[in-house]
Structures are given as structure tokens and as C-alpha cells.
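Below is one structure, written out as C-alpha cells, with a few remarks after it.
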Amino acid sequence: MASENLSADDATNGFTRPEMYTENLSGTVDAYDRHVFLCYKSHESWPPRVEASDADPLPKLVAATWKARKNDIAVKTKITVCEAREEAGFSDGDVLIFPEMIKYRGLEESNVDSFFEDVLVNGKPWAAGVPEVLTGSHVFVCAHGSRDVRCGVCGPVLIEKLNEEIELRGLKDQIFVTACSHVGGHKYAGNLIIYSPGPDGKIMGHWYGYVTPNDVPELLDQHISKGEVIQRIWRGQMGPYIVEVNEAYNQKLANGEDTSEGKKHHIESDNLSIKENVAGCCQGVNGVSCCRTASLEQNNGIEETTQAHKKQGSKISWNWPVLQEHDILTAVGVLGAVAAVTVAYKLYRRSG
């Protein structure tokens, strides 16, 4: 168990280290519109710079091709190595693409060029592969221990806790947790990214830092299940620049704290991607998950409104017969008087 393997220096590198919560996390994510994950081996076997390792030719070739084609790719893209997990259906050479929520199998050194040309440059389906739809919500946790001890200490513990809580909720087929390489910001460990439907039903990527095992239930129950951002550990998201994001989410944030200034921090990253690309807004399609989609929320809203109207209507109709006794007697008396006058008038006309 990962929790049993925590070293004695947890206070230095783990969840109780002094640097925890010393910085405002909002704005510590570079703007991007697409995230590509290359599935490759186990996180325990990654060298500090997996993208530059001669012993790891596939990630190295992907990084070199990215550098050579960076000016041809219009959509601002991050490329990160993640763990190949057979139990999750991720094998060496599989490529996961967000927010499109698709997977390609079988990327090899011999077809890296065609993948870049077809998918990343021209935005077309890959001629050498068949896109498969990814379903559910996907959580990527930085566990790149050879790059930074803090990620190595915090990441595996978070993965274990996430899987434990997911199993308790019966959501193993809806929420998937995968270790990933360094995404930038060692000092913010535990670092994780959640790709799941937002309040509008579109797939969004939200980054969290200073995450501890105590935050896991809230991430599952509040962020993934309800689409609500947890601001106190929120670093930013895929898409618009952080100021726009803060303005858009101020009403949804968990503790109501205003972060609209959105200071941007320089983050060191070993992503395979290059930051100079021009951005293009790339929104994805919705996947199947335990989250409520926009349509469901709208339906719920309509349903709630309908129920409210029904309650109001029944209340009104119920109020009609609920009259005090003296009101009823008064009404009967008035009706009787009117009837008597009518009869008298008819008799008068006949006699005339």
C-alpha cells in the first residue's frame, strides 16, 4: 500500500511540508486548448527527463517532432506522458486527446510523423488508426518521483485514495485515475488534472494543487459530481486566460473568494509541448460520466420549476374552499337576497 510506504521525511516532501498553502494557486496554469497524453510504461520507470531519454525512444521522438512542427500547429496543445495501465485499457503507444475525448492505439516511432500531420496539424482523423471514444471522467495525478520527490511522495498516495473513494461510491466504470509525468509546479504537489463535463456539458480540464487525501472526497462529490470548482486548491483550467476563467466561475466557486485579478505565474514544465504556439479555442464533446450534463441540469431546472408551479397551483386551488364560516354564511346570505329580489321583480312584471 502506498500509504504504508511514506518515508519519515513526509514533513519535508509530503502533505505537511511548510510550503503547503503559502501561495495563491489561481493563475499557475499556462493557457492551452488541447491536451494530448502519450501512454508509456509505468510512472515508477520514468527517468527525470523522459522526453530526452535515449532509453525511451518513443517519448523522445514525439518531443522532437513536436519541436519541429510547432509552427504548423494552430491549436495550443500540451503533450504529457501518462502511465500505460492495462486495467484501464491504456497500452504503450496509446494516445489520449482532450477535450475531444478520443483515444488512438498503436503510436510507434514509424508513424509519429503521420500522427502529427493528420491529427495535430490538419485536425483530421489519423489515417493509421481508428479513434475510440473515451467515456467518463479522467483524473491525471503527477507521480513523477524521479523528477521531484514531492510528486513521488504525494502522487501515489493520492492515486490510492482516489481509487479507494471511487470504489466506495461504485464509480469504477465512470471515473478513471492515471499517473502522469510532471505537469509544471513541483512545489504545488499534490498536482492533479480533472477532465470531466463542466456545467455546460463541455469537457474541461481543471488543475488542482496542494491536494491532500482529505480533499479527495470533495473533488469527487463536488467537482466531478456537481461541476463545482474548489477554489482554495484550484490552479486554473484548459481554455481562456485565467482572468476570463475566474470571472466565469466566480459564481460557482466553493468558498466565494474572489480571484479575478488572476496573476500569472511562470511554471517550469517538462511537458513535451512547446509554449510558443498560437492559441485557438478548442472545445470538445461530452463524454459519459457520473456528472450532470447541461441538458440534465436544464431538465432538472424545468422539473423543479414545474413542481414549484404545481405546488403554487395546488396551494391556490386549496385556498378557494378554505373560507371562514362567517364568510360562507355571508356569501349564502347575499346569494339568497339576490334570488329573492329576482323572484319579486318577475312577479311584479306579471302583475303589471
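- Residues satisfying the salt bridge (Lys or Arg N to Asp or Glu O under 4.0 Å) test with Glu86, not counting sequence neighbours, are none.
- With rounding to the nearest 0.5 Å, the separation of CE in Met20 from NZ in Lys187 is 13.5 Å.
- Annotation: Glu167, atom CD; neighbour count of heavy atoms from other residues, nucleotides and ligands within 6.0 Å does not exceed 12.
- Side-chain atoms of Thr178 do not come within 3.5 Å of backbone N or O of Phe140 as any donor-acceptor pair.
- Applying the side-chain hydrogen bond (donor to acceptor under 3.5 Å, both in side chains) criterion to Asn111, with sequence neighbours excluded, gives no partner residue.
- The line from CD1 of Ile194 to CD1 of Ile230 is 7.0 Å long, rounded to the nearest 0.5 Å.
- Salt bridge present: Arg232 and Asp215 bring a charged side-chain N and a carboxylate O closer than 4.0 Å.
- Residue Pro213 comes nearest to Leu158 through the heavy atom pair N-CD2, 3.7 Å, listed as atom of the first residue, atom of the second, then distance.
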- Message: side-chain contact (heavy atoms from CB on, under 4.5 Å), that's the test. Do Ile73 and Arg34 meet it? Break it down for me.
- Response: CA-CA 11 Å; Ile73 300 175; Arg34 177 171 60 196; 3.6 Å; yes
- Check against side-chain contact (heavy atoms from CB on, under 4.5 Å), Tyr195 and His35: CA-CA 10 Å; Tyr195 285 99; His35 207 155; 2.6 Å; yes
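- Asp173 meets the side-chain hydrogen bond (donor to acceptor under 3.5 Å, both in side chains) test with no other residue; sequence neighbours excluded.
- For the residue pair Ile79 and Phe116, the shortest heavy atom distance occurs at CD1-CZ, 4.0 Å.
- Taking the side chain as every heavy atom from C-beta outward, His144 and Val81 never approach each other to under 4.5 Å.
- The side chain to side chain contact (heavy atoms under 4.5 Å, CB included) check on Leu61 picks up Thr65, Glu109, Val112, with sequence neighbours excluded.
- Contact of the Trp66 side chain with the Glu51 side chain is not registered, since no non-hydrogen atoms from C-beta on lie closer than 4.5 Å.
- Applying the side chain to side chain contact (heavy atoms under 4.5 Å, CB included) rule to Ser110 yields the partners Glu108; only residues at least two apart in sequence or on another chain are considered.
- None of Val119, Asp94, Val130 except one satisfies the side chain to side chain contact (heavy atoms under 4.5 Å, CB included) rule with Tyr104; the exception is Val119.
- Annotation: salt bridge (charged side-chain N to carboxylate O under 4.0 Å, His left out) contacts involving residues 113-133, sequence neighbours excluded, comprise Arg69-Glu117, Lys103-Glu132, Arg105-Glu132.
- Shown here are the side-chain hydrogen bond (donor to acceptor under 3.5 Å, both in side chains) partners of Ser114, two or more places apart in sequence or in another chain: Trp126.
- The backbone N or O of Pro217 lies less than 3.5 Å from no partner atom in the side chain of Glu165, so there is not a single donor-acceptor pair.
- Here the closest non-hydrogen pair linking Ala55 and Tyr40 is O-OH, 4.1 Å.
- To the nearest 0.5 angstrom, Asp148 atom CG is 7.0 Å from His182 atom NE2.
- Listed by chain and number, the residues in a ring pair (Phe, Tyr, Trp, His ring centres under 6.0 Å) with His138 are Phe98, Phe176 (sequence neighbours excluded).
- Contact of the Cys82 side chain with the Leu38 side chain is not registered, since no non-hydrogen atoms from C-beta on lie closer than 4.5 Å.
- The backbone N or O of Val153 sits nowhere less than 3.5 Å from a side-chain atom of Asn13 that would complete a donor-acceptor pair.
- Atom CD1 of Ile159 sits about 6.5 Å away from atom CD of Glu83, to the nearest 0.5 Å.
- Among all heavy-atom pairs drawn from Phe37 and Cys180, the shortest one is CE2-CB, 4.3 Å.
- Within the 3.5 Å criterion, the main-chain N or O of Ile224 finds no donor-acceptor partner in the side chain of Ser196.
- Between Trp207 and Gln237, the shortest heavy-atom contact is CD1-CA, 4.3 Å.
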- Stepwise, does the side-chain contact (heavy atoms from CB on, under 4.5 Å) test hold for Arg17 with Thr12? CA-CA 5 Å; Arg17 64 187 190 276; Thr12 303; 5.7 Å; no
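- Here the CD1-CG distance, from Ile175 to Leu162, works out to 8.5 Å after rounding to the nearest 0.5 Å.
- Taking the side chain as every heavy atom from C-beta outward, Val62 and Leu107 approach each other to under 4.5 Å.
- Arg49 CZ to Ser146 OG: the interatomic distance, rounded to the nearest 0.5 Å, is 10.5 Å.
- Here Ser45 pairs with Lys41, Ser42 under the side chain to side chain contact (heavy atoms under 4.5 Å, CB included) rule; sequence neighbours left out.
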- Dump the intermediate steps for side chain to side chain donor-acceptor pair (under 3.5 Å) on Glu23 and Tyr210, then the final yes or no. CA-CA 10 Å; Glu23 291 189 33; Tyr210 293 147; 5.0 Å; no
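- Residues that satisfy the side-chain hydrogen bond (donor to acceptor under 3.5 Å, both in side chains) test with Asp54, not counting sequence neighbours, are Lys60.
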- Item | Steps toward salt bridge (charged side-chain N to carboxylate O under 4.0 Å, His left out) verdict (Lys76, Asp30) | CA-CA 10 Å; Lys76 194 165 188 178; Asp30 293 323; over 6 Å; no
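- Evaluation of the ring-ring contact (aromatic ring centres under 6.0 Å, His included) test over residues 153-175, restricted to residues two or more places apart or in two chains, returns none.
- Of the possible polar contacts, none joining the Tyr188 side chain to the Arg235 backbone as a donor-acceptor pair under 3.5 Å is found.
- Every residue two or more places apart in sequence or in another chain that forms a side chain to side chain contact (heavy atoms under 4.5 Å, CB included) with Pro47 is listed here: Val50, Ser53, Asp56.
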- Message: side-chain contact (heavy atoms from CB on, under 4.5 Å), that's the test. Do Trp234 and Val29 meet it? Break it down for me.
- Response: CA-CA 10 Å; Trp234 185 68; Val29 176; over 6 Å; no
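- Taking each heavy atom of Gly209 and Leu25 in turn, the nearest pair found is O-CD1, 3.4 Å.
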